[in-house]
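First the structure, in the form of structure tokens, and then the observations on it.
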Amino acid sequence: MDPAGVRLAGWGFRHATRRAWAVRDVDLEIGAGERVLLTGSSGSGKSTLLRALGGLLTPESGDATGELSVDGAPPGRRRDRVGMVFQEPDSQLVMTRSGDDVAFGLENAGTPPERIWPAVDAALDAVGFDLGRDRPTAALSGGQKQRLVLAGALAPRPGLLLLDEPTAQLDPEGADLVRTAVVRAVADRSTTLVVVDHDVESWLPLVDRVVELLPSGGLVEHGPGWAPAPLRFPARRPLPVGPLLLAAEEAGYTHRGSPTPALLPTDVGLHAGRTLAVTGPNGTGKSTLALLLAGLRAPTTGRVVATPALCAGLRRPAHPPSRWRAAELVTRIGTVFQQPEHQFLTARVRDELSLGPLRSGAGDTAAARLADELLERLGLGDLAEAHPFTLSGGQQRRLSVATALATRPRVLVLDEPTFGQDRDTWAELVAILAEQQDGERSLCVVTHDAAVVTALADEVLHLGLPVAVP
């Protein structure tokens, strides 16, 4: 298939539920076979632009202005030419088996049956997915799902490949694998590449140019010698080690019917005044451990124990956190999920931030004041009336962190809290997390972000890969 060309002239888009434009005044031409990195601040419209190029923005989605074309036609008429990977891989998984998921797009495109499975195997191999065609998609880690979705996008050999934060949930080795796979897939210039990623430095040697969307509208292009501003790290305060609040004792987890544990038996203690970073390759159970510590899932082996320092005031202090009522959890253990949208419960950003404090007994005035403070601090003030599901990926992540902070729990368990952030919002988010460590609380941060470990961690738990049970 030949590479696709892209043209935008004075283009802009405003979502149906918003007054402000998501992106506007974009003039851009991308030549056939070109490789472009699209960057910009969180909420500047990068994902909106990618969805428009993929033909996913309909007249019902909102108001568009200007011109946008793929190979000289509206993107909606060129969907068969486009492969796309979204920020959240779960939104693109449609089948229960990994191989079937990659084959789905090929079958829909009318690929001859004898060519489907060779193409599936080639795509899986290209992204380093070595778990086999039969691995259930429900048993995959977030990073494994992301590689699988990328394989599905590559398999039909699209003329235009659109990638939205394709390495955000991958460990460093997996991220390198995906970047290598992408470059290999477009090496012959038979596919035009547009990739959105905040990890600018890793993509700079692999693209032809960088296009930065500006929050005020328009864009600026950067030459090959351009480099983004360095990250800003918060000041670290030495704190004494406080009492143990929460512990995992040989806690492990195996999905029903799976021969391989999602998490090997693990020992870890969370102390007041300390921040623990949990690292390791994709598939080692980092997110599973976070769910166990947060009381959102019970271990299948071992146990999770809350100490008296965390259980004060509970009706049944001997019960593990997985058996606590929601009202008991919310003021003791705050959680940020790997997929932020999984924890949104209301239809307004402001209500989402007020919900936790109201449930924990705060009055309307106190809850509203706290919501306003968090909205301002995290750059979400202009979105107070918006529906959480209409936010960008980076904005959703900041909102999910804010909801966890709103009830000031003694333990914070955060799964990839800096996902989707530009340098300024990353710095503000990390600074806020550093402030939470006041000596009375414990933070557990699951992350692939080495800079987060440097900025926050007092201790690091590195998980290894489980092996199949004979």
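Basis for what follows: all heavy atoms, side chains included, without hydrogens, waters or symmetry-related copies.
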> Between F389 and H387, how do the two ring planes meet: parallel, tilted or perpendicular, split at 30° and 60°?
Replying inline: tilted
> At what distance, to the nearest 0.5 angstrom, does CG of L383 lie from CG of L375?
Replying inline: 8.5 Å
> Checking R135 against F129: charged group under 6.0 Å from the ring centre and within 45 degrees of the axis?
Replying inline: no
> For the residue pair N282 and R147, what are the closest heavy atoms and their distance?
Replying inline: OD1-NH2, 4.1 Å
>> Restricting to non-hydrogen atoms, name the atom on A406 and the atom on L370 that form the minimum distance, rounded to 0.1 Å.
In response: O-CD2, 2.8 Å
> When you check the side-chain N and O atoms of S41 and D422, is any donor under 3.5 Å from an acceptor?
Replying inline: no
> Would a distance-only check, ignoring hydrogens and angles, find a side-chain to backbone donor-acceptor pair under 3.5 Å from E29 to V6?
Replying inline: no
> Taking atom types as modelled and ignoring hydrogens, do the side chains of H15 and T48 form a donor-acceptor contact shorter than 3.5 angstrom?
Replying inline: yes
>> Please determine whether a side-chain nitrogen of the Lys or Arg among D424 and R232 lies less than 4.0 Å from a carboxylate oxygen of the Asp or Glu.
In response: yes
> Do the side chain of Q92 and the main chain of M84 share a donor and acceptor less than 3.5 angstrom apart?
Replying inline: yes
> Does the salt bridge (charged side-chain N to carboxylate O under 4.0 Å, His left out) test come out yes or no for D164 and R51, once each step is laid out?
Replying inline: CA-CA 9 Å; D164 196 350; R51 287 177 176 271; 5.8 Å; no
>> Could you report the tightest heavy-atom contact between Q146 and T167, atom names first, then the distance?
In response: NE2-N, 4.2 Å
>> Quick check: closest heavy atoms across P357 and A367, and the distance to 0.1 Å?
In response: CB-CB, 4.0 Å
> Does atom CD of E221 have more than 12 heavy-atom neighbours from other groups under 6.0 Å away?
Replying inline: yes
> So do L263 and L463 actually touch side chain to side chain, heavy atoms under 4.5 Å?
Replying inline: yes
> Does D101 have any salt bridge (Lys or Arg N to Asp or Glu O under 4.0 Å) partners at least two apart in sequence or in another chain, and if so, which?
Replying inline: none
> Is the side chain of R274 donor-acceptor paired with the backbone N or O of S442 at a distance under 3.5 Å, no angle test?
Replying inline: no
> Do the side chains of L8 and D27 get nearer than 4.5 Å, heavy atoms only?
Replying inline: no
>> Parallel, tilted or perpendicular, judged at 30° and 60°: which one describes the rings of F233 and W426?
In response: perpendicular
> Between T403, L374, T425, which is the residue that forms a side-chain contact (heavy atoms from CB on, under 4.5 Å) with R398?
Replying inline: T425
> For the side chain of T407 and the backbone of V330, is there at least one donor-acceptor N/O pair under 3.5 Å apart?
Replying inline: yes
> What heavy-atom pair brings T191 and P3 nearest, and what distance separates the two atoms?
Replying inline: N-CB, 4.0 Å
> Which word best sums up how the rings of Y253 and H255 line up, parallel for under 30°, tilted for 30 to 60°, or perpendicular for over 60°?
Replying inline: perpendicular
> Heavy-atom distance under 4.5 Å between the side chains of L163 and L150, does that happen here?
Replying inline: yes
> Can you tell me how far the CG atom of L293 sits from the CG atom of L412, to the nearest 0.5 Å?
Replying inline: 12.5 Å
> Distance from L231 atom CG to T418 atom OG1, nearest 0.5 Å?
Replying inline: 9.5 Å
> Less than 4.0 Å between a side-chain N and a carboxylate O, is that true for D438 and R237?
Replying inline: no
>> Could you tell me if the side chain of W11 sits less than 4.5 Å from the side chain of L49, heavy atoms only?
In response: yes
> Roughly how far apart are L429 CG and Q421 CD, rounded to 0.5 Å?
Replying inline: 5.5 Å
>> To the nearest 0.5 Å, what is the distance between CG on L443 and CG on L433?
In response: 6.5 Å
> Is R35 salt-bridged to D208, cutoff N-O under 4.0 Å?
Replying inline: no
>> Could you tell me if the side chain of T39 sits less than 4.5 Å from the side chain of W203, heavy atoms only?
In response: no
> Does E352 reach the main-chain N or O of A347 with its side chain, forming a donor-acceptor pair under 3.5 Å?
Replying inline: no
>> Can you list everything that forms a side-chain hydrogen bond (donor to acceptor under 3.5 Å, both in side chains) with S354? Sequence neighbours excluded, please.
In response: none
> Distance from T275 atom OG1 to Q437 atom CD, nearest 0.5 Å?
Replying inline: 4.0 Å
> How far apart are the C-alpha atoms of R209 and H222, what are their side-chain angles, what is the distance that settles it, and do they pass the side chain to side chain contact (heavy atoms under 4.5 Å, CB included) test?
Replying inline: CA-CA 7 Å; R209 57 182 167 135; H222 298 289; over 6 Å; no
> Are the charged groups of R18 and D382 less than 4.0 angstrom apart, N to O?
Replying inline: no
>> Is it the case that over 12 heavy atoms from other parts of the model lie below 6.0 angstrom from the CZ atom of R408?
In response: no
> Can you find a heavy atom in the side chain of F86 that is under 4.5 Å from one in the side chain of L56?
Replying inline: yes
>> Looking at D372 and R350, is there a salt bridge between them, counting it only when a charged N and a carboxylate O are closer than 4.0 Å?
In response: yes
> Counting only N and O atoms by type, is there a donor-acceptor contact under 3.5 Å from the side chain of R184 to the main-chain atoms of A126?
Replying inline: yes
> What are the two closest heavy atoms between P166 and V196, and how far apart are they?
Replying inline: CD-O, 3.6 Å
>> With side chain to side chain contact (heavy atoms under 4.5 Å, CB included) as the criterion, how do C444 and V278 come out once you've worked through the C-alpha distance, each side chain's angles and the decisive distance to 0.1 Å?
In response: CA-CA 7 Å; C444 175; V278 180; 3.8 Å; yes
> When you look at R19 and E385, which way does the salt bridge (charged side-chain N to carboxylate O under 4.0 Å, His left out) test go after all the steps?
Replying inline: CA-CA 11 Å; R19 294 183 178 179; E385 304 304 314; over 6 Å; no
>> Can you tell whether the side chains of D415 and R397 come within less than 4.0 Å, N to carboxylate O?
In response: no
>> Is there a side chain to side chain contact (heavy atoms under 4.5 Å, CB included) between L213 and L38? Walk through the geometry before answering.
In response: CA-CA 7 Å; L213 290 184; L38 184 64; 3.9 Å; yes
> Is it the case that more than 12 heavy atoms not belonging to E376 sit under 6.0 Å from its CD atom?
Replying inline: no
> Do K145 and T137 touch side chain to side chain, with heavy atoms closer than 4.5 Å?
Replying inline: no
> Counting only heavy atoms not in D364, do more than 12 fall under 6.0 Å of its CG?
Replying inline: no
>> What verdict does the side chain to side chain contact (heavy atoms under 4.5 Å, CB included) test give for D71 and R7, after you've listed the backbone C-alpha separation in whole Å, the side-chain angles of each residue and the deciding distance to 0.1 Å?
In response: CA-CA 8 Å; D71 272 351; R7 182 177 182 271; over 6 Å; no
>> Are the side chains of S190 and R157 in contact, using a 4.5 Å heavy-atom criterion?
In response: yes
>> Walk me through whether S392 and Q395 qualify under side chain to side chain donor-acceptor pair (under 3.5 Å).
In response: CA-CA 5 Å; S392 73; Q395 291 166 341; 3.3 Å; yes
> Okay, side chain of R410, backbone of R332: is any donor-acceptor separation there less than 3.5 Å?
Replying inline: no
> Do T58 and S61 have side-chain atoms, one donor and one acceptor, less than 3.5 Å apart?
Replying inline: yes
